[in-house]
Amino acid sequence: MATNSQNKIASSSNFIRAKIEKDISNNLYKNKLWNKAPGNSRHQLKGNLDEAKIRTRFPPEPNGYLHIGHAKSIFLNFGLAQDFSGACHLRFDDTNPEKEDQEYVDSIIENVKWLGFDWNFNNEDNLYYASDYFDYMYEAAILLIKSGFAYVDQQNAEEIRENRGTLTSPGKDSPWRDHPTEDHLKCFEEMRGGNHADGSMVLRAKINMASPNINLRDPAIYRIKNVSHHKTGDKWSIYPMYTFAHPIEDALEGITHSVCTLEFEDQRPFYDWLLKRLKENNFFSDPLPKQYEFARLNLTYVVLSKRRLIELVENKHVSGWDDPRMPTLVGSKRRGYTPSGFKLFTDRIGVSKADSWIDYVILEDCMREVLNESAHRRVAVLDPVKLIINNYPEDQEEDCFAPNHPKNKDLGERTIKLTKELWIDRDDFMEVPVDKYFRLSPGAQVRLRYGFVIECTGFEKDIDGNITNIFCDYLPDTKSGTPGADAIKVKGNIHWLSCKYAVTATVNLYDRLFKEAHPGENNNYLDDLNPDSLTTREIKIEENLKTIVPGDQYQFERHGYFIADNLSKPDDIILNRTTTLRDNWQ
RNA sequence: UGGGGAGUCGCCAAGCUGGUUAAGGCACAUGGUUUUGAUCCAUGCAUGCGAAGGUUCGAAUCCUUCCUCCCCAGCCA
């Protein structure tokens with residue numbers, strides 16, 4: 001309990017939370033208005049005081065599947081809103097129709113819900129699309145042109161690039177920069193008209209071509225794209241750039257804290273510049289949103305870049321976006337990773353501005369920690385070898401009782417049938433035991449978990465030297481749960497399943513997708529792929545697992561956590577190993 | 001070489017408007033419990049805060065210089 005509350009304190013102290021606490025205590029949002037929906041000043045000034053103490057947003061571009069890095073951002077943004085009695089909007093940043101698709105929108109919505117969040121606040125559904133704001137953005141652009149802060153440039157992309165200068169030398173003004181405002185207004189209208197080719201004109205903010213910050217050298221803010229949009233269809237032939245759109249989206253939605261990743265740090269001056277210009281035009285009013293940046297997640301043995309993820313799927317290095325080895329949320333889910341595990345993980349790794357690589361084992365350990373609490377226990381034999389009890393009658397069988405959870409008796413117990421012939425794991429027997437090996441070996445005593453103590457009397461091998469049968473005697477007075485069962489102390493304790501009753505299933509044993517901690521650091525990342533990231537085999541599982549359905553999760557004792565795969569059917573059970581148990585032996 | 005960031009224990013990460021022994025987690029180590037070599041519990045784990053100087057009664061926190069790493073020259077986000 002004490003450690004839990006300490007965890008909470010630790011996770012709650014990051015620089016963004018500190019800033020929010022300060023902003024709230026300084027009453028920054030005391031007079032903030034909200035008119036039940038996004039909008040500019042015209043709209044919001046007619047509203048009431050915003051009941052949301054703060055507003056944050058998670059703004060994915062619907063051009064790919066969410067991954068573990070997004071989970072960090074989701075927990076940050078939605079968590080902030082939750083903890084400060086605010087609202088977190090889910091907003092699709094769909095300003096580039098060429099790359100975006102409804103398929104991704106659906107998947108993202110499902111993923112965010114899966115992680116346990118919704119975007120409802122005071123019965124308002126805060127699910128938005130940047131494309132819903134295109135009219136506002138167009139209006140803002142015109143305001144900017146009229147006030148002399150934007151112009152239509154007719155240089156081609158090549159010329160613009162050349163005139164932008166370099167990191168160490170200033171850029172050159174565009175010849176179109178100082179044309180009359182009227183001309184720019186007219187050109188911008190023409191851009192919208194749809195009669196101009198892509199790239200023939202572009203609207204640029206007029207700031208400073210000599211700025212040491214390249215993002216301020218008259219950034220492009222609206223470009224011609226004669227393509228239809230998945231939401232707005234053919235209404236527009238011009239689309240705003242992220243740089244321009246994002247601050248406006250935030251302001252329209254009354255976002256107080258706009259949290260993004262480090263690479264946008266250089267854009268913050270433009271973010272503030274734009275909003276200030278629009279405030280001067282009474283398009284927006286205080287309090288204006290502020291942008292804060294944190295370090296994106298890097299995980300060892302994992303790639304998270306969109307480009308690489310796509311490549312893994314398209315080149316069939318994995319079976320798809322939801323391959324359990326993929327760091328996507330759909331893949332993680334299929335692997336058996338859980339929302340509460342991700343929550344623990346994000347709390348544990350914290351939020352800062354320092355570039356860092358989180359050990360993959362941290363993530364795995366979080367999943368173990370969560371699953372250890374919740375998962376019911378079962379028995380599975382992953383590499384079966386036959387154990388025959390010499391002194392157990394051929395036709396005899398009996399029930400052994402096994403609790404579903406060692407720490408929680410309320411979860412009940414189930415019975416496992418014991419018979420003369422059993423399956424045990426090959427690992428649990430050594431012909432010549434190594435030092436400190438306390439499982440089965442010739443002459444050794446070991447307990448059949450939940451059953452009897454046995455003593456190994458011998459074994460048989462096939463022509464290739466593989467062990468085929470192991471023989472033992474059981475000690476009748478040692479059955480678990482009966483008086484005196486503990487009279488004989490043994491160190492080893494192995495699991496087993498009746499050959500007569502065990503059910504056969506298929507298991508996918510997953511290991512890390514990459515064998516290098518930093519894939520691609522020393523060569524092409526594809527060369528760092530782990531050839532053994534998946535092994536599939538036939539295993540034996542408890543009879544009562546016959547009714548397992550996709551998504552069911554269990555701990556197979558002494559092995560790890562497993563989940564029934566999407567494709568699993570009663571007559572073709574498929575299990576995925578989520579993660580192994582920790583193993584201090586060797 | 002311009003601009004913007006970051007460097008605190010193996011991995012994360014508080015602290016950074018200067019003030020007693022530098023939080024916490026993970027990992028690790030050693031004990032204990034245990035019919036999962038799991039879990040759980042206990043204890044240990046930075047004379048040190050990228051480096052070197054300086055200011056001060058006192059510095060991770062202030063100043064100076066230096067070093068390393070990341071980001072920016074898309075009509076991507």
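Lettering follows sequence order; numbering is per chain, from 1.
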Whole-Å gap separating P (U36(B)) and CG (L371(A)):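 Rounded to the whole Å, the gap is 19 Å.
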At under 4.0 Å between heavy atoms, what does [X] touch on the DNA or RNA strands: base, sugar-phosphate, or nothing?
X	result
Q155(A)	base
E373(A)	nothing
R439(A)	base
Y437(A)	base
K491(A)	nothing
R447(A)	base
R217(A)	nothing

Plane angle bin for Y239(A) and F134(A) - parallel if under 30°, tilted between 30 and 60°, otherwise perpendicular: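 Perpendicular: the ring planes of F134(A) and Y239(A) meet at over 60°.
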Whether F452(A) and Y474(A) hold their rings parallel, tilted or perpendicular, with breakpoints at 30° and 60°: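 Geometry flag for Y474(A) against F452(A): perpendicular rings.
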Hey, does the side chain of [X] come within less than 4.0 Å of [N]'s phosphate (OP1/OP2), counting only N and O?
X	N	result
S352(A)	A13(B)	yes
R223(A)	C76(B)	yes
R348(A)	A13(B)	no
S356(A)	C11(B)	no

Any donor-acceptor N or O pair under 3.5 Å, side chains E158(A), N156(A):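 No, no side-chain donor-acceptor pair sits under 3.5 Å.
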Position toward the 5' end of RNA chain B (nearest nucleotide), E98(A) or E557(A):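 Closest to the 5' end, via its nearest nucleotide, is E557(A).
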Position toward the 5' end of RNA chain B (nearest nucleotide), N493(A) or T168(A):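 Nearest-nucleotide comparison on RNA chain B picks T168(A).
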Can a donor-acceptor pair under 3.5 Å be found between the side-chain atoms of [X] and the base atoms of [N]?
X	N	result
R582(A)	U39(B)	no
R268(A)	G4(B)	no
D266(A)	G3(B)	yes

Taking atom [atom1] in both [N] and [M], compute the distance separating them and give it to the nearest angstrom.
N	M	atom1	value
G48(B)	C16(B)	C1'	16 Å
G15(B)	A23(B)	C1'	8 Å
C11(B)	U34(B)	C1'	30 Å

R91(A) side chain vs P60(A) backbone, donor-acceptor pair below 3.5 Å: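 Here the side-chain-to-backbone pair does not exist.
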Aromatic-base stack, Y242(A) on A77(B), cutoff 5.5 Å, angle under 30: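 Whether judged by distance or by angle, Y242(A) falls short somewhere, so it does not stack on the base of A77(B).
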Candidate nucleotides G74(B), G37(B), G2(B), ranked by approach to the side chain of I214(A) - the nearest: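 Shortest atom-to-atom distance from the side chain points to G2(B).
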Below 3.5 Å between N/O atoms, which protein atoms pair up with nucleotides 15-19 of chain B? Just atom names and distances, please.
none

